[in-house]
Amino acid sequence: MTLFTVMPMEQVWEGALTTGSGQLEVHYQGMLMQVEPLDEGRARIVRLLNCPLASYLDSSLAPGAIISLT
């Protein structure tokens, strides 16, 4: 990849190698996903990591959706 910019490289790549704080990988309904824990056994989906392709079309599994971990 070639990137032509007048911005300093430190600013371009700032935060690129860090992961979000407080995010967990969990198995939910047989799928591996990255979630952000909320309160009382609930979590917000960040992204799907390992799941059937049809799961990407399910709006209840979209990033930002709230799921119950209990």
Side-chain angles (χ1 to χ4, degrees):
M1 176 176 93
T2 304
L3 178 64
F4 296 99
T5 181
V6 295
M7 295 172 55
M9 292 309 294
E10 294 80 21
Q11 188 176 1
V12 171
W13 296 109
E14 181 180 357
L17 300 177
T18 59
T19 59
S21 61
Q23 295 179 351
L24 305 170
E25 291 183 6
V26 297
H27 286 277
Y28 177 76
Q29 296 180 352
M31 297 173 283
L32 180 63
M33 59 180 64
Q34 188 175 20
V35 298
E36 203 172 69
L38 300 174
D39 57 354
E40 300 176 11
R42 298 182 318 145
R44 177 179 294 115
I45 298 175
V46 175
R47 63 182 175 154
L48 302 177
L49 299 174
N50 186 8
C51 64
L53 292 176
S55 299
Y56 290 98
L57 300 175
D58 188 351
S59 61
S60 66
L61 298 173
I66 307 296
I67 59 170
S68 174
L69 297 176
T70 57

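For L32, the side chain to side chain contact (heavy atoms under 4.5 Å, CB included) partners are E25, H27, L49, N50, not counting sequence neighbours.
Of all heavy-atom pairs spanning S60 and I45, the tightest one is O-CD1, 4.1 Å. Minimum interatomic distance between T5 and M7 (heavy atoms only, all atoms of both residues): OG1-N, 3.1 Å. Nearest heavy-atom pair across S59 and A65 is O-CB, 4.4 Å.
For the atom pair CZ of R47 and CD of Q23, the computed distance is 8.0 Å after rounding to the nearest 0.5 Å. Expressed to the nearest 0.5 Å, how far CG of L61 lies from CG of L48 amounts to 6.0 Å.
Note: the hydrophobic cluster containing V35 also contains Y28 (ILVMFWY, side chain heavy atoms under 4.5 Å, direct or indirect links). Note on M31 and L53: same hydrophobic cluster, where clusters join Ile, Leu, Val, Met, Phe, Trp and Tyr whose side-chain heavy atoms are under 4.5 Å apart, directly or indirectly.
With a 4.5 Å cut-off on side-chain heavy atoms, I67 and Q29 do not count as touching.
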